[in-house]
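Everything on this sheet refers to the single structure shown next.
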Amino acid sequence: MVPSFVWCLLPACGEACLLAEQAAAAGHERLDALLTALTIFVLAMWVGFEVITKVPATLHTPLTSGSNAVSGITVVGALVAVGAVASTAATTLGFLATILATVNVVGGFLVTHRMLSMFRRKE
Amino acid sequence: MDPALRIALIKLAYLVSAVLFIGTFRLLARPRTAILGNLLGALGMVLAVGATLCHPDVQRYTWAGVGVAIGGGIGAALALRVPLTAMPQMVALLNGFGGAASLLVAAAELYQAMARGHAYRAWDQPVVAAAVSGMIGAVTFWGSLVAFLKLQEWLFRRPVHYQAQHVVNAVLGAIALVLAIWLASRPDALAAYWLLVLAASVLGVLLTIPIGGADMPVVICLLNSYSGLAAAGTGFVIDNNALIISGSLVGASGIILCQIMCKAMNRSLTNVLFGVFTAQLDEGLAERVYAGKVKGASAEEVALLFESAQNVVIVPGYGLAVAQAQHALHELANVLEARGIRVTYGIHPVAGRMPGHMNVLLAEANVPYEQMKEMDEINPYFPQTDVVLVIGANDVVNPLARTDPSSPIAGMPILNVDQARTVVVVKRSLSPGFAGIPNPLFAADNTLMFFGDGKQAVLELISAVKQL
């Protein structure tokens with residue numbers, strides 16, 4: 001169990017390590033903001049573990065498609081990028097990101113709903 | 001309204017939607033509350049998007065509107081049209097889109113910083129995070145695309161292996177790391193970002209092409225997790241807690257599913273990703289196992305077995321999805337239940353091409369979820385089972401996993417169907433499953449083989465039982 005867990009966490013650790021590396025260079029205020037963000041990241045991850053462990057195997061496919069929809073939250077960043085008056089490049093990238101993220105949000109929630117409404121009890 | 005107050009309110013809205021997302025996953029703990037959970041999630045997303053549109057930085061709405069309309073249209077069309085047998089492909093595609101969207105948003109932020117005229121300093125949080133989310137996003141997008149093509153059986157139908165693939169992957173990983181450090185120390189070097197994305201894209205393709213069909217559930221979960229982590233990374237880029245929280249929830253979900261799948265195959269994730277799973281095609285072994293011991297049965301003989309049974313367990317595998325036999329199977333279960341026979345379904349965690357694949361197929365065919373039993377729940381029940389009907393499953397019911405320590409599936413938890421009084425296996429031929437090994441179950445004294453296409457075979461069984 002331990003090795004598989006480590007492999008899964010690798011990108012998360014990378015994220016944390018790389019972010020921490022800049023700590024030396026950054027001033028106190030920046031360090032503070034970084035630590036706040038890291039705290040939120042770690043705690044949210046933990047809440048995720050606690051809550052999702054309780055999802056039964058029967059619902060693992062809707063869980064996966066539902067989490068697709070939730071990861072479509074990137075749409076929030078995409079909308080800021082496309083809506084801000086900054087650069088054409090940023091607008092274009094934001095526009096593409098908006099399309100992809102909205103496919104995730106709409107497709108994910110709809111298909112999850114479609115699947116979940118098929119799960120029924122015995123009459 | 002004062003911009004500072006407005007931003008504070010927007011952040012508050014993000015907090016509420018994060019809580020709603022946590023509620024979504026919480027309510028998925030029971031089939032009865034799951035629909036409400038999903039609706040809460042959608043509500044949270046609407047809230048987050050609505051709040052974002054009120055952000056002072058958002059001044060133009062045309063392109064945002066067009067993007068949402070196009071994406072929403074594609075998403076709705078996909079969601080409403082995709083057949084449930086194709087759910088693994090759908091999820092693979094959505095994983096990829098999530099990763100790509102995150103890497104694009106991270107890139108957009110780098111361009112915006114340049115345009116605003118105050119470029120980031122070396123090793124600033126947003127730049128480092130952009131490198132991370134660009135890398136994970138690209139691996140996720142291309143890996144998912146390859147997974148999609150494999151599942152859809154358009155390309156890479158067989159695992160692709162080549163000389164020194166681990167060396168090539170390690171070199172690519174090292175190149176990506178160097179490019180990430182270059183970008184972090186020179187935040188205005190946008191070329192570094194795109195080269196990083198390119199290297200990670202190639203890596204994503206090369207990491208996924210060697211993976212075989214039965215290992216797909218693990219890969220889907222891993223990519224699901226990465227799509228969440230990419231979103232969280234982008235949250236660090238644009239300093240947005242909604243992205244960080246939602247991304248880590250999804251990251252955690254993928255990791256948990258990954259662990260469950262690996263455990264159900266008794267393999268480590270390292271082994272699934274990098275171990276070359278060579279199917280040992282030993283003709284002689286198959287000959288020794290099966291020679292003269294396999295008993296075929298007709299539909300009438302199987303129907304007679306059912307007649308004297310009090311309880312039947314149906315064990316479905318990926319073959320059920322391929323044959324699209326789920327509706328016929330449920331009808332057979334109805335016919336049996338009408339004769340007073342108790343019918344349940346025993347489902348192995350890695351049956352199918354993604355976690356929970358069989359459950360969704362059976363739910364589509366109106367099988368009540370109380371009848372679907374997990375492996376640990378059903379295994380103690382097999383010794384008291386009169387008839388087990390195995391349809392489209394092979395390796396997950398192979399007793400060699402318990403008895404032969406040298407077998408490639410040694411130690412894998414299986415459904416102990418061989419302990420039942422009689423086993424009926426619906427299968428086209430004696431061809432091996434993914435592991436490439438013969439299955440002594442097919443030659444066991446208490447096993448009858450019912451050869452044929454899954455759906456056709458079940459239909460024949462239905463009419464045979466009705467004629468009793």
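A note on names: the letters A, B, ... follow the listed sequences, proteins ahead of strands, and every chain is numbered from 1. The analysis underlying the following values was restricted to heavy atoms, covering all of them including side chains, and did not include hydrogens, waters or symmetry mates. Keep in mind it's a predicted model, so treat the numbers as computed, not measured.
When heavy atoms are compared at a cutoff of 4.5 Å, B/Ser248 approaches chain A by way of both its backbone and its side chain. A/Leu59 touches chain B through its side chain: at least one heavy atom from C-beta onward sits under 4.5 Å away, while N, CA, C and O do not. For B/Val139, no part lies under 4.5 angstrom from a heavy atom of chain A. Interface residue A/Val80: backbone and side-chain heavy atoms are both found under 4.5 Å from chain B. For B/Arg26, the parts lying near chain A are the backbone and the side chain together; criterion is any non-hydrogen pair under 4.5 Å. Using a 4.5 Å cut-off between heavy atoms, B/Leu53 touches chain A through its side chain atoms alone. Heavy atoms closer than 4.5 Å to chain A are found in both the backbone and the side chain of B/Ile22. For B/Thr24, no part lies near chain A; criterion is any non-hydrogen pair under 4.5 Å.
In terms of heavy-atom pairs under 4.5 Å with chain B, the best-connected choice from A/Gly48, A/Ala57, A/Ala78 is A/Ala57. For the set B/His55, B/Met372, B/Glu109, B/Met87, the entry with the most heavy-atom pairs within less than 4.5 Å of chain A is B/Met87. Options A/Val47, A/Asn68, A/Thr92 differ in how many heavy-atom pairs under 4.5 Å they form with chain B, and the most are formed by A/Asn68. The residue among B/Val250, B/Val58, B/Ile347 with the most heavy atom pairs within less than 4.5 Å of chain A is B/Val250. If you tally non-hydrogen atom pairs under 4.5 Å between each of A/Thr88, A/Leu63, A/Leu96, A/Leu43 and chain B, the highest count goes to A/Leu63. Comparing A/Val75, A/Val42, A/Thr112 by how many heavy-atom pairs each has under 4.5 Å with chain B, the most go to A/Thr112. The choice from A/Leu100, A/Thr98, A/Thr36, A/Ile40 that makes the most heavy-atom pairs within less than 4.5 Å of chain B is A/Leu100. Of all the listed residues (B/Ala115, B/Pro355, B/Cys221), the one sharing the greatest number of non-hydrogen pairs under 4.5 Å with chain A is B/Pro355. Note on B/Leu78, B/Val272, B/Asn95: by heavy-atom pairs under 4.5 Å with chain A, the leading option is B/Asn95. Highest contact tally toward chain A, considering only B/Ala106, B/Gly352, B/Gly41, B/Pro88, is held by B/Gly41 [criterion: heavy-atom pairs under 4.5 Å]. Per-residue heavy-atom pair counts under 4.5 Å with chain B were compared for A/Pro62, A/Gly66, A/Ser87, A/Gly72, and the maximum is reached by A/Ser87. With chain A as partner, the option from B/Glu364, B/Met375, B/His357 having the largest number of non-hydrogen pairs under 4.5 angstrom is B/Glu364.
The closest side-chain heavy-atom distance from B/Phe97 to A/Val105 is not below 4.5 Å. Residues B/Val68 and A/Leu79 form a side-chain contact, since some pair of their non-hydrogen atoms from C-beta on lies under 4.5 Å apart. A 4.5 Å side-chain heavy-atom check between A/Val70 and B/Phe25 finds at least one atom pair inside the cut-off. Looking at heavy atoms from C-beta onward, B/Pro31 lies out of side-chain contact with A/Leu116 at the 4.5 angstrom threshold. Residues B/Ile35 and A/Phe119 form no side-chain contact, since every pair of their non-hydrogen atoms from C-beta on lies 4.5 Å or further apart.
The heavy-atom pair separating B/Ile255 from A/Phe49 by the smallest distance is CG2-CE2, 4.0 Å. In terms of heavy atoms, B/Gly72 sits closest to A/Thr102 at N-CG2, 3.6 Å. Here the closest heavy-atom approach between residue A/Ala90 and residue B/Gln112 is recorded as CB-CG, 3.6 Å. B/Ala48 and A/Ile73 make their closest contact through CB-CD1, 3.9 Å (heavy atoms, listed as atom of the first residue, atom of the second, distance). Minimum interatomic distance between B/Ile244 and A/Ala37 (heavy atoms only, all atoms of both residues): CD1-CB, 4.0 Å. Looking at every heavy atom in both residues, B/Ala108 comes nearest to A/Ala81 through CB-CB, 3.7 Å.
Side-chain atoms of A/Arg114 come within 3.5 Å of backbone N or O of B/Ala79 as a donor-acceptor pair. Not a single donor-acceptor pair under 3.5 Å links the side chain of A/Arg121 to the backbone N or O of B/Arg32. Distance alone, capped at 3.5 Å, is enough to place a donor-acceptor pair between the A/Asn104 side chain and the B/Leu94 backbone. A distance-only check finds no donor-acceptor pair linking the side chain of A/Ser71 to the backbone of B/Gly247 [under 3.5 Å].
Rounding to the nearest 0.5 Å gives a distance of 9.5 Å between NZ of A/Lys54 and CD1 of B/Ile256. For the atom pair A/Thr58 OG1 and B/Met358 CE, the distance stands at 13.0 Å (nearest 0.5 Å). For the atom pair CD1 (B/Ile245) and CE (A/Met45), the distance works out to 13.5 Å, reported to the nearest 0.5 Å. Note that CG of B/Asn38 is 7.5 Å distant from OG of A/Ser65, once rounded to the nearest 0.5 Å. One distance of note links CZ of A/Phe95 with CG of B/Leu104; it measures 12.0 Å at 0.5 Å rounding. With rounding to the nearest 0.5 angstrom, the NE2 atom of A/His60 is 9.5 Å from the CG atom of B/Leu28.
No hydrogens or angles considered: a donor-acceptor pair under 3.5 Å links the side chains of B/Asn224 and A/Ser67. Remark: the A/Thr91 side chain and the B/Arg60 side chain contain an N/O donor-acceptor pair separated by less than 3.5 Å.
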>> Walk me through whether A/Phe109 and B/Met45 qualify under side-chain contact (heavy atoms from CB on, under 4.5 Å).
In response: CA-CA 10 Å; A/Phe109 281 123; B/Met45 196 59 81; 3.9 Å; yes
